[in-house]
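Letters go in sequence order (proteins before strands), and every chain restarts at 1.
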Amino acid sequence: MNEILFSNQVIIYLLSEATLFFLLFIAFIISVKILIKWDFNSFSPTQFKLEKQAYLVSTITLFVFLIKFILLIYFVFTVDSISVLVPGAMCGAGVITANEYGTVLLGLKFLLLALLIFWFYLQFYDTHTKEHLYFKHKSWVFLAIFVFVVLELFLDFQYFLNIDTHQPVSCCSALFGQLEGANPLPFGLNIPLLLTLFYLLYILVILTLNLNYKVVYIVSNLLFLYIAYYAVVYFFGTYIYQLPTHKCPFCMLQPDYFYIGYFVWGFLFIGTFIGIGDVLSSLVIGIPNLKYQKITSYFLSLFVLLCTSYVAVYWLKNGVLL
Amino acid sequence: MITVENLSKTFYNKENKSKILTDINLHIKQGECVILKGISGSGKTTLLSIVAGLDKPSDGKVLIDGDPISKLPDLFASELRAKKIGMIFQHFNLFEHLSVSENVTIPLIPSGLTIKEVSKNVERALKIANIYHKRSLVSSHLSGGEKQRTAIARALVANPEIILCDEPTANLDKENSLLFIETIKELHKMSKTIVIATHDPLFEKLDFDNRIIPMVNGKIVYE
């Protein structure tokens, strides 16, 4: 057993995840039964029982949705806080790459958050129809969520069990720096082109969202998420750290930078997932109107504004750019 | 107006199951006054709760104007109840710290009516229930009869077609019970559909059209 597994944060995190898994397991068993026997037009005792159980499943999933969101933030905090135990790690970047499970786990957590938001939309639409029209859609998405949760729990344990506290790891300067001279940016972009693409995609996302071009919106928003990640790590982040060589998505989560990373990444991911969930559910259900265009626009705009403000403030203070 | 078909309700404990309602069939026409008569434990309140959509049956259906209230999601059941059903309870269920008119206003909060419309409806309900003169008093300062009249006003404020009363005179003296029956008579004249669950003998000799349905051990004895 390594000392990572016995740190307070990891114990709390794993216990919470295991508890959520237990709740979802109960909901999963019930859901399978419901999917097999569900007939809303029936007035039989079995159907009434299933309706009560369906209510239980929804309540569990809503609870899990809320806690998973908090746990994602707590996971990032945990990874960052245990960096003191891993040689070579100065922030979460070193810890997350300490073994082969970390990055996959982090990606899976974002995927789960996106799926839970999608389920939340389906739940909303389903409970706003008299005949629970989208009940089966919702249940299938729930089953998918459960499969990923099983995988997530497995990876959670694998990840924390296999962090070697005697093996030095590479941290952000090596992972995100340009030590070998290669261009780390996608599509062979340079910084000016990356920024141009960043702002153009932001405008495209807001326009397509408000003009209701759903498919274009999904594609442009996913592309924006991808480009925004690189823009934050390789450009805006350097203004947060006020150091042109400091390129890291994790250090900005630390108290030295006033935990601003939680807001930067939070605005980006929440804005993206709420928007995509909204559009996907309206496409699946076949309804023309989107529910939360404004919320999506606000979150993404806050993200762009926050990133831009760091550059603007630096320039206003110093009269030069990094 | 109200149709109950093959309705049953069973409560499950750890090892026991108790059947509260068994195979209830009932049709209540618009404007009809129905008295569900039976001793405590005969299933009257459970039946009333299911008709109001406050509880779900174990089997069978309840239709309110063709809408299966027992199957509706909470959102729609609440909407139907707010628009069509007014309820009067044995223990009045008033907010003791609020005034009479504030208690009566509560069902209209989610209605989307303007303040002027709300005031008009509250005034009308208070006058029908004959409690208008006490509208500013705090509920805790009212007598039992006055509390019941406040509860009647609250049930009427949204102008529902159906009034459901659960043991409405159980906490009233004879004088106030007779006053309550007079109010029910007025509501009957206004073509409201009224269902009263009671074991009070005063309801056996009403001087207006009504139908008495005796209930024993969760079953309707005859209709």
Side-chain angles (χ1 to χ4, degrees), chain A residues 26-27 29-31 33-35 37-63 65-66 119-142 281-282 284-287 289 291-292, chain B residues 2-27 43 46-47 49-85 110 112 218-219:
Chain A
I26 296 170
I29 301 287
I30 299 170
S31 278
K33 201 169 77 180
I34 291 173
L35 267 172
K37 296 181 180 172
W38 185 261
D39 174 15
F40 189 71
N41 295 322
S42 162
F43 288 83
S44 69
T46 310
Q47 178 59 24
F48 277 117
K49 204 174 164 189
L50 290 179
E51 284 170 29
K52 274 188 179 176
Q53 291 176 335
Y55 194 81
L56 175 68
V57 171
S58 297
T59 308
I60 289 175
T61 317
L62 280 172
F63 174 74
F65 171 67
L66 182 71
W119 178 91
F120 182 77
Y121 276 110
L122 292 178
Q123 158 80 0
F124 174 85
Y125 289 121
D126 180 56
T127 51
H128 280 71
T129 58
K130 281 187 178 180
E131 299 86 14
H132 285 290
L133 286 177
Y134 310 114
F135 184 80
K136 292 220 165 176
H137 297 81
K138 188 177 80 175
S139 299
W140 283 114
V141 172
F142 172 78
S281 56
S282 76
V284 168
I285 289 163
I287 50 165
N289 297 325
K291 289 293 301 173
Y292 296 114
Chain B
I2 303 173
T3 305
V4 179
E5 285 177 22
N6 308 321
L7 186 80
S8 295
K9 177 73 182 176
T10 309
F11 285 114
Y12 295 90
N13 287 331
K14 278 179 186 169
E15 287 161 12
N16 306 326
K17 68 171 188 178
S18 28
K19 204 153 193 184
I20 307 296
L21 296 173
T22 309
D23 209 19
I24 303 282
N25 285 287
L26 189 61
H27 183 74
T46 308
L47 176 57
S49 300
I50 294 173
V51 169
L54 295 171
D55 199 356
K56 302 269 183 190
S58 305
D59 196 1
K61 62 173 99 168
V62 176
L63 305 170
I64 307 279
D65 281 339
D67 270 328
I69 191 165
S70 49
K71 294 284 281 184
L72 292 177
D74 287 347
L75 183 78
F76 294 96
S78 305
E79 202 177 285
L80 184 69
R81 201 162 42 237
K83 280 182 186 164
K84 290 192 176 170
I85 300 172
K219 290 178 187 169

Original post:
More than 12 heavy atoms of other residues, nucleotides or ligands under 6.0 Å from NZ of Lys56(B): is that the case?
Top reply: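 Yes, the 6.0 Å shell around NZ holds more than 12 heavy atoms from other groups.
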Original post:
Would you say Phe120(A) has more than 12 foreign heavy atoms packed within less than 6.0 Å of its CZ?
Top reply: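 Open.
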**OP:** Output the distance between atom CZ (Phe43(A)) and atom NZ (Lys71(B)), rounded to the nearest 0.5 Å.
**Re:**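 The distance works out to 5.5 Å.
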**OP:** Heavy-atom distances under 4.5 Å only: say whether Gln47(A) touches chain B with side chain, backbone, both or neither.
**Re:**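 Just the side chain, heavy atoms under 4.5 Å.
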Subject >> Residues of residues 49-59 of chain A with any heavy atom under 4.5 Å of a heavy atom in chain B >> reply: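 Counting heavy atoms that sit under 4.5 Å from chain B, the residues of residues 49-59 of chain A involved are Glu51(A), Lys52(A), Tyr55(A).
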Original post:
Who are the side-chain contact (heavy atoms from CB on, under 4.5 Å) partners of Asp59(B), not counting sequence neighbours?
Top reply: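 Counting only residues at least two positions away or on another chain, Asp59(B) forms a side-chain contact (heavy atoms from CB on, under 4.5 Å) with Pro45(A), Ser8(B).
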**OP:** Mind checking side-chain contact (heavy atoms from CB on, under 4.5 Å) for Leu35(A) and listing every partner two or more places apart, or none if nothing turns up?
**Re:**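 With sequence neighbours excluded, Leu35(A) shows a side-chain contact (heavy atoms from CB on, under 4.5 Å) to Lys136(A), Ser139(A), Trp140(A), Leu143(A), given in chain and number order.
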Show me the side-chain donor-acceptor pairs of residues 75-83 of chain B shorter than 3.5 Å, one per line, residues at least two apart or across chains.
unit_1, atom_1, unit_2, atom_2, d
Ser78(B), OG, Asp74(B), O, 2.8
Arg81(B), NH1, Ala52(B), O, 3.1
Arg81(B), NH1, Gly53(B), O, 3.0

**OP:** With the side chain counted from C-beta on, respond yes when Phe48(A) and Ser70(B) share a heavy-atom pair under 4.5 Å apart, and no when they do not.
**Re:**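 When only atoms from C-beta onward are counted, Ser70(B) and Phe48(A) do touch, with a gap below 4.5 Å.
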**OP:** Indicate yes or no for a side-chain donor-acceptor contact from Lys61(B) to the backbone of Ser42(A) under 3.5 Å, with no hydrogens or angles considered.
**Re:**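 No, because the side chain of Lys61(B) does not come within donor-acceptor range (under 3.5 Å) of the backbone of Ser42(A).
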Original post:
Side chain, backbone, both or neither: which part of Pro68(B) has an atom under 4.5 Å from a heavy atom of chain A?
Top reply: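 For Pro68(B), the contact with chain A is made by the side chain alone.
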